[in-house]
Amino acid sequence: MKNEKILFTSESVSEGHPDKVCDQIADAILDAVLAEDPESFVACECFVSEQFLLIGGEITTKAHVNYEDVARKVIKEIGYTKEEYGFDFKNVKIKNIIQEQSPDIRQGVERGSVLTQGAGDQGIMFGYASNESEGYMPLPITIAHKLVRTASSLRKSGDFKWSRPDMKSSVTVDYSKRKPTIHTILMSCQHDPDFNEREFKKYIKEKIMIPVASSFGLNTDFKVIINPTGRFVIGGPKGDTGLTGRKIIVDTYGGSSRHGGGSFSGKDPSKVDRSAAYMTRYAAKNLVAAGVADRLEIQVAYAIGEAKPLSINVSTFKTGHYSDEDIYEIIDEVFDFRPGAIIKNFDLKNHPTFRYEDLARYGHFGRPDLDLPWEKLDKVEKIKKLLVGKKRKN
């Protein structure tokens, strides 16, 4: 019987993608509000279309923030600076319909002690880690992120001629052999109407695709697909509407792990959609790094207003080196999933080393360019000590 290839594909998008424009604006507003009032409650949503931005949601704060100024600054920094793009920071019409958060939700969150703080919403969250890459992330999404991050950086420096802000990447990895290989790289990059197509595509392959693949020590003889429709002039919010929270798989693990459905951007850390997703990643990464399993996924569930999770579930995809009972014991001993504890341990209300806006582009996990507390491997030694004396499977 002929051996079939084992292929898996993940995609990423640049900061100029309309959905990501919305995520960045929502998180920039969150940053601005928390900077003045760390105790704020924020659930901000954005919608963009041709020369139009709608800002909505619920914000309860003592801060005085000009949301329109924040939005225009983000749009400018992304690169939407020309009216011909059909969406630019000077001419976009902005409508603000933000209101205060419901007191029914707030009374369940606000408690006497931060550690007894209730979850800001009902929901399920997943965290994942794999030892297939240095950052304990799946290779396809990691490569996909680096492709659009590199392309955007070259665009902003002026080296990537004719390019515009809206871009997408897709990476297919072949897992048929012991060492993964890249099967296909697809990139769609927005460009000016007057451009040299041959030079444009050559640049993408030689200056973006091949260097990125080589940086992972992987093959460069992959199949190349660039702008398969042949032309990509109209893009960004002029070409497609954008909405906050519509790129949740791009934000997480590229489809390698399940997702609870809740998005991150525009939400303060009392919303467990965000904070608990960071916590499950932290736990999964430290467990994999300690040798508990080669792949590990954690699910956690919450009831609104309750601090203790309803449930915690672990999947090791038959790669676990210890029993499930041992793994659950370690999780219970090492990690605290109460929302208040997560916020306190990660200093999520006013963390000095990152902005939420930075997370809204190129993923919330496996970010070597950012100092993220949930990416630290500071529980590995404690986990290894707890493994002493426990029976290893293989």
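Quick caveat: nothing in here was measured; it's all calculated off a predicted structure.
- Checking R361, E77, E15 one by one against Q24, the side-chain hydrogen bond (donor to acceptor under 3.5 Å, both in side chains) holds for a single residue, R361.
- Here the OG1 atom belonging to T316 is positioned 9.0 Å from the CG atom belonging to D294, to the nearest 0.5 angstrom.
- A search for salt bridge (charged side-chain N to carboxylate O under 4.0 Å, His left out) contacts involving K267 returns D273, not counting sequence neighbours.
- To the nearest 0.5 Å, atoms OG1 (T244) and CD (E45) are separated by 5.0 Å.
- Sorted by first then second residue, the ring-ring contact (aromatic ring centres under 6.0 Å, His included) pairs that include residues 49-74, not counting sequence neighbours, number zero.
- The cationic group of K146 lies under 6.0 Å from the six-membered ring centre of F216 and within 45° of the ring axis, placing it in a cation-pi geometry.
- Applying the side-chain contact (heavy atoms from CB on, under 4.5 Å) rule to K384 yields the partners A290, V380, E381; only residues at least two apart in sequence or on another chain are considered.
- Contacts classified as ring-ring contact (aromatic ring centres under 6.0 Å, His included) and involving residues 6-40 (residues at least two apart or in different chains) are not found.
- Considering only residues two or more places apart in sequence or on other chains, K308 meets the side-chain contact (heavy atoms from CB on, under 4.5 Å) condition with none of them.
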Inset, instruction - Would you please test V92 and I75 for side-chain contact (heavy atoms from CB on, under 4.5 Å) and show each step? - result: CA-CA 9 Å; V92 61; I75 295 167; 4.1 Å; yes
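- Residues meeting the side-chain contact (heavy atoms from CB on, under 4.5 Å) test with A129, sequence neighbours left out: Y136, R281, A284, K285, V288.
- Under the 4.5 Å side-chain heavy-atom criterion for grouping Ile, Leu, Val, Met, Phe, Trp and Tyr, Y328 is connected to I383 within one hydrophobic cluster.
- Under the 3.5 Å distance criterion, the side-chain polar atoms of S257 are left unmatched by any main-chain donor or acceptor of Y253.
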Legend entry - Step-by-step salt bridge (charged side-chain N to carboxylate O under 4.0 Å, His left out) determination, D31 to R355: CA-CA 6 Å; D31 285 328; R355 300 180 305 166; 5.0 Å; no
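- When the ring pair (Phe, Tyr, Trp, His ring centres under 6.0 Å) test is applied to F335, the partners found at least two apart in sequence or on another chain are Y282.
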Inset, instruction - For the pair V233 and Q190, evaluate side-chain contact (heavy atoms from CB on, under 4.5 Å) and give the outcome as yes or no after the intermediate values. - result: CA-CA 6 Å; V233 174; Q190 186 188 14; 6.0 Å; no
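- The closest donor-acceptor contact from the side chain of S153 to the backbone of T150 lies at 3.5 Å or more, if one exists at all.
- Under the 3.5 Å distance criterion, the side-chain polar atoms of D371 are left unmatched by any main-chain donor or acceptor of T353.
- The same ILVMFWY cluster, assembled from side-chain heavy atoms under 4.5 Å apart, contains both Y80 and F89.
- Take D88 and apply the salt bridge (charged side-chain N to carboxylate O under 4.0 Å, His left out) test, not counting sequence neighbours, and it matches no residue.
- Counting only distance, with no hydrogens or angles, the side chain of T229 and the backbone of R231 share a donor-acceptor pair below 3.5 Å.
- Separation of atoms CG (L147) and OG (S14) is listed at 12.0 Å; rounding is to 0.5 Å.
- Annotation: ring pair (Phe, Tyr, Trp, His ring centres under 6.0 Å) contacts of Y203 (sequence neighbours excluded): F160.
- When hydrophobic clusters are built by joining Ile, Leu, Val, Met, Phe, Trp and Tyr residues whose side-chain heavy atoms come closer than 4.5 Å, directly or via intermediates, I226 is grouped together with V148.
- In this structure, a donor-acceptor pair under 3.5 Å is absent between the side chains of T172 and T184.
- Between the side chains of E132 and Y175, at least one donor N or O sits under 3.5 Å from an acceptor N or O.
- Checking side-chain atoms of S215 against main-chain N and O of V212 turns up a donor-acceptor pair under 3.5 Å.
- D166 pairs by the salt bridge (charged side-chain N to carboxylate O under 4.0 Å, His left out) definition with nothing, not counting sequence neighbours.
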Legend entry - side-chain contact (heavy atoms from CB on, under 4.5 Å) between R72 and I94, worked out: CA-CA 9 Å; R72 291 188 190 278; I94 301 176; 3.9 Å; yes
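- Hydrophobic clustering, with ILVMFWY side chains joined whenever heavy atoms are under 4.5 angstrom apart, keeps I225 apart from F232.
- Linking Ile, Leu, Val, Met, Phe, Trp and Tyr residues whenever their side-chain heavy atoms come within less than 4.5 Å places M187 and I210 in a single cluster.
- A distance-only check finds no donor-acceptor pair linking the side chain of D251 to the backbone of G363 [under 3.5 Å].
- F337 pairs by the ring pair (Phe, Tyr, Trp, His ring centres under 6.0 Å) definition with nothing, not counting sequence neighbours.
- Taking the ring axis of F126 as reference, the NZ or CZ atom of R258 does not stay both within 45° of it and closer than 6.0 Å to the ring centre.
- Residues S157 and D159 bring no donor and acceptor atom of their side chains to less than 3.5 Å of each other.
- Taking the six-membered ring for Trp and the full ring otherwise, F354 and Y356 have centroids separated by under 6.0 Å.
- We find the NE2-CG distance between H321 and L287 to be 12.0 Å, quoted to the nearest 0.5 Å.
- A distance-only check finds no donor-acceptor pair linking the side chain of S265 to the backbone of A26 [under 3.5 Å].
- Aromatic rings of H191 and F200 (six-membered ring for Trp) have centroids within the 6.0 Å cut-off, being under it.
- Applying the ring pair (Phe, Tyr, Trp, His ring centres under 6.0 Å) rule to F264 yields the partners Y278, H364; only residues at least two apart in sequence or on another chain are considered.
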Inset, instruction - Show your working on side-chain contact (heavy atoms from CB on, under 4.5 Å) between D268 and L30 and close with a plain yes or no. - result: CA-CA 7 Å; D268 76 82; L30 172 65; 3.9 Å; yes
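- Remark: the backbone N or O of K62 is paired with a side-chain donor or acceptor of D37 at under 3.5 angstrom.
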